[in-house]
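Computation of the quantities below employed the complete heavy-atom set of this structure, encompassing side-chain atoms and omitting hydrogens, waters and symmetry-equivalent molecules. So that the names make sense, note that chain A is the first sequence line, chain B the second, and so on, each numbered from 1.
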Amino acid sequence: MTTSETYFATAVSAPIPEADGLDAPYWAGTRQNKLCVQQCSHCDTWQWGPEWICHHCRSFKLDWKEVATQGRIYSWERTWHPPALALKDSVPYLTVLVELPHAGHIRMVGNLLGDPLQKVEIGAEVQAVFEHHDEVPIPYTLVQWKYQ
Amino acid sequence: MKNHTIRGKVAVVGVGETRYYKRGTSPDPEFVMALEAILAAAKDAGIAPTSIDGFASFHDERSTPVRLASALGLKELRFSNLVWGGGGGGGAAAVGNAAAAIAGGLAECVVVFRSLVQSASRRIGQGSAPTTVEGANALTMPYGIMTPAQQYAMKVTRYMHEHGVDRKALQAISLASYHHAQMNPRAVMHGKPLTEQAYDESRWIVEPFRLFDCCMENDGAAALILVAAERASEFTDSPVYLLAAEQGVDYRSGARGHNAPLYATSGFTTLAPRLYENAGVKPSDIDFAQVYENFTGGVLMSLAEHGFFKPEQANDFLVLENLIAPNGKLPLNTSGGNLAECYMHGLELQIEAVRQLRGQSTAQVDGAELGVVIAGPMVAPVSDLIFGTEATL
């Protein structure tokens, strides 16, 4: 799923790939509405956030695999005190930590779409929504979540 | 108990602090505060400042050892050490590193310190977010996670969910710090008691943290002076001995984007067992705890991970009467802590631990002989230490 609406009305910090190329495949994947994470080619261990070496067998040969765009809420927080001027009119807002059981239980941070005051259920199933930001010098895509 | 430890090899012989101010109101620059605290600690120890030959601090300390040594006219500097990592996680590690230097013969008189004077402007929430972010920050900041409170809130919520912990437990931690601050004239919140109602009605910062779950922001400086144990009696009648100090992180705690496998933790599951083993004591031997309240939720998890109660018992254990001196089961933050004495990145907790063991606390625990100081829960690396009186050696 994609959205052209943005969770925050005023742009917050834009993510850019690191110069050394470590996380480029992830961000490139999001531009194509895909979730891509690392899986070790040697021992099949899933790994997120990205790193150069497999934490389990220490192979440097990690593949990038596309995974299903769904997960379960692992935790959440609702921000009331704006952390920056750009967000002063955006509070309260909901940030969630989503677990992907099908990809080694890795986790991803995102915003939970919908009413920021809604009750959040840990364990609830969610699906990813790709939020495209095209009108900026370096276009990027954020991965948000909504209840299934 | 292992043979090769620092247990009992190093003593704190002097402590000193400046007056503590609300953030941005210090009349003096930061470096002046550092000098004042260090000189106060030297005076407390009865030691000539020129005997100092080393400095140890942590994370972003701006008063640097070479500048301090030059300013104080020290003959030479033999040791300078800064613990890597964020926030207050390295406070006890700075003590451990200073002790290791002394025990290893690298230096003889090392100051552990923190100085902190911040501009009245640029408070959290008033700055601008960076235009672009990369790496680990790219996985969190675009979703609005920017401040320490926001970085840790989800950990605490997960912990409370997994173990059925009620908000009343967090409230008790906050009330304990404020209770003890009322007995401490140095405390910034002295004369400003906190009621249950005021706590419950205080505004949300980021759920599960309300205003009174969060540390203050203060200006000031604090310092401790350490020497080898066999020299301690040259300087003080009541040396306080370091029994153990641990630092570090558990398995893959640095995995980006909140991917540490053990997520609902304050970071002490591997440190606390080592701490007790190296000190040769058990949690039930501990007379008080000074635990860094960046947020009450961090204290909750730290106390459980240091073996004072099982997580499922948190609601029963964390009630105000258990946490207050002199008769509580585990007097907590007996000078007011980060919440109510001063947020001096945990150095004020170390000084209070020393005062308790000297019998000089404003909220004295009768016959206190052993105390634990826990630094910077939930950051990485974290650190902790156990101080003891001579009787515990």
At a heavy-atom separation under 4.5 Å, does [X] approach chain A through its side chain, its backbone, both, or neither?
X: B:Tyr251; result: side chain
X: B:His161; result: side chain
X: B:Arg252; result: side chain
X: B:Pro261; result: backbone
X: B:Thr157; result: both

Quick one: does [X]'s side chain have a donor or acceptor within less than 3.5 Å of a partner on [Y]'s backbone?
X: A:Thr95; Y: B:Tyr143; answer: yes
X: A:Ser13; Y: B:Met141; answer: no
X: B:Asn259; Y: A:Arg107; answer: yes

In terms of heavy-atom pairs under 4.5 Å with chain B, which of A:Pro92, A:Pro17, A:Pro50, A:Ser90 leads?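 Going by pairs under 4.5 Å, I would pick A:Pro50.
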
If you count heavy-atom pairs under 4.5 Å with chain B, which of A:Gln144, A:His105, A:Glu51 comes out on top?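 Counting heavy-atom pairs under 4.5 Å, the top option is A:Gln144.
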
Side chain, backbone, both or neither: which part of [X] has a non-hydrogen atom closer than 4.5 Å to chain B?
X: A:Leu22; value: side chain
X: A:Leu87; value: side chain
X: A:Tyr93; value: side chain
X: A:Tyr140; value: neither
X: A:Val143; value: both
X: A:Ala11; value: neither
X: A:Asp23; value: side chain

Could you check A:Val109 against B:Ile145 for side-chain contact (heavy atoms from CB on, under 4.5 Å), going step by step and ending with a plain yes or no? CA-CA 9 Å; A:Val109 174; B:Ile145 294 188; 3.9 Å; yes

For chain A, find which of B:Gly135, B:Ala129, B:Ala153 contributes the most heavy-atom pairs closer than 4.5 angstrom.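 Highest number of heavy-atom pairs under 4.5 Å: B:Gly135.
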
What are the two closest heavy atoms between A:Ala19 and B:Glu134, and how far apart are they?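 Heavy atoms of A:Ala19 and B:Glu134 come nearest at N-OE1, 4.2 Å.
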
Could you tell me the separation between the CG atom of B:Asn137 and the CD1 atom of A:Ile16, rounded to the nearest 0.5 Å?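 Rounded to the nearest 0.5 Å, the CG-CD1 separation comes out at 11.0 Å.
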
What I'd like to find out is whether the side chain of [X] reaches to under 4.5 Å of the side chain of [Y], using heavy atoms alone.
X: A:Tyr74; Y: B:His258; value: no
X: A:Arg78; Y: B:Trp204; value: no
X: A:Val12; Y: B:Pro142; value: no

Check against side-chain contact (heavy atoms from CB on, under 4.5 Å), A:Leu97 and B:Arg158: CA-CA 10 Å; A:Leu97 186 62; B:Arg158 179 73 196 189; over 6 Å; no

I'd like to know if B:Arg256 and A:Glu18 make a salt bridge, using a cut-off of under 4.0 Å between side-chain N and carboxylate O.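 Salt bridge flag = yes for A:Glu18 with B:Arg256.
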
What I want to check is whether the side chains of B:Gln150 and A:Thr79 have a donor and an acceptor closer together than 3.5 Å.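 The criterion, which ignores hydrogens and geometry beyond distance, is satisfied for A:Thr79 and B:Gln150.
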
Working note: A:Glu77 + B:Met154, criterion side-chain contact (heavy atoms from CB on, under 4.5 Å); need CA distance, chi angles, decisive distance, verdict. CA-CA 6 Å; A:Glu77 64 187 45; B:Met154 295 199 288; 3.2 Å; yes

